[in-house]
Amino acid sequence: MTAPTSPTGIERHPDLVELRARSERVASSFPAQAAEALAVVTGLYLTISPWVVGFNDLQPLAVNNLITGIAYTLCVAWFGAYERTHAMSWAAAGIGVWTIISPWAMAGDVDITRTIINNTVAGSIALLLALAISSLAAAARLREAMGGAYGPGARTRGAPGA
């Protein structure tokens, strides 16, 4: 049995085409791109922070920040690469929360001043950026549902007849 080769497959379904176009509009907006870029930088910082701040001798937390930073960076990079995954930014928010509480949750005596300050600041920034990415996606979905700026028949400012 062979797979159908008709050009009217599911990839050409009007709802799917519109969903892809809407997701692309959200991802291509300047606020979304800025939040994603800052989130990638935050994830990269979190990855190298044990060596930057000087707590790489605290093995459990250094390994935790290395793994957490890589996971966060890949997570937010995934949002930028695949526009339809913005709704999954709650995973990045969870990584931000874990980063904040990890100095107290890790086994051993790793909750010293510099680890607490580093992880609280980096985790808070990671959490806020993840929430920003999520809220941009949610706001775009709400505008679409209400027939807003990108809805059918919507006009842009300054366009003839607007």
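From Asn56, atom CG reaches atom CG of Leu61 across 11.0 Å, with rounding to the nearest 0.5 Å. Distance check: Phe55 CZ to Asn65 CG gives 4.5 Å after rounding to the nearest 0.5 Å. Atom OG1 of Thr68 and atom CH2 of Trp98 lie 7.5 Å apart (nearest 0.5 Å). Taken to the nearest 0.5 Å, the CD1 atom of Ile95 stands 12.5 Å off from the OG1 atom of Thr42. Residue Thr120 holds its OG1 atom at 10.5 Å from CD1 of Ile101, rounded to the nearest 0.5 Å. The structure places OG1 of Thr99 at 7.0 Å from CG of Asn64, a figure rounded to the nearest 0.5 Å.
For Ser102 against Asn119, the heavy-atom pair with the smallest separation is OG-ND2, 3.0 Å. Closest of all the heavy-atom pairs between Asn118 and Ser49 is ND2-OG, 3.3 Å. Listed here is the closest heavy atom pair of Gly43 and Thr73: C-OG1, 3.0 Å. Here the closest non-hydrogen pair linking Pro103 and Asp111 is O-CB, 3.4 Å. The minimum heavy-atom distance between Ile133 and Ala35, with the atom names listed, is CG1-CB, 3.8 Å. The two atoms that bring Leu131 and Ala93 nearest to each other are CD2-CB, 4.4 Å, heavy atoms only.
Among residues two or more places apart in sequence or in another chain, the side-chain hydrogen bond (donor to acceptor under 3.5 Å, both in side chains) test is passed with Thr115 by none. Residues meeting the side-chain contact (heavy atoms from CB on, under 4.5 Å) test with Val63, sequence neighbours left out: Gln59, Ile67.
One hydrophobic cluster, built from ILVMFWY side chains closer than 4.5 Å, cannot hold both Val41 and Ile70; they sit in different ones. Both Val40 and Leu129 are part of a single hydrophobic cluster, where members link through side-chain heavy atoms under 4.5 Å apart. Tracing side-chain contacts under 4.5 Å through hydrophobic residues (I, L, V, M, F, W, Y), one reaches Val76 starting from Leu38; they form part of the same cluster. Under the 4.5 Å side-chain heavy-atom criterion for grouping Ile, Leu, Val, Met, Phe, Trp and Tyr, Ile125 is connected to Ile117 within one hydrophobic cluster. Leu58 and Val53 fall within a single hydrophobic cluster, where Ile, Leu, Val, Met, Phe, Trp and Tyr side chains are chained together by heavy-atom contacts under 4.5 Å.
A 4.5 Å side-chain heavy-atom check between Ile48 and Leu44 finds every atom pair outside the cut-off. Side-chain contact between Tyr72 and Thr47 is absent, with no heavy-atom pair separated by less than 4.5 Å.
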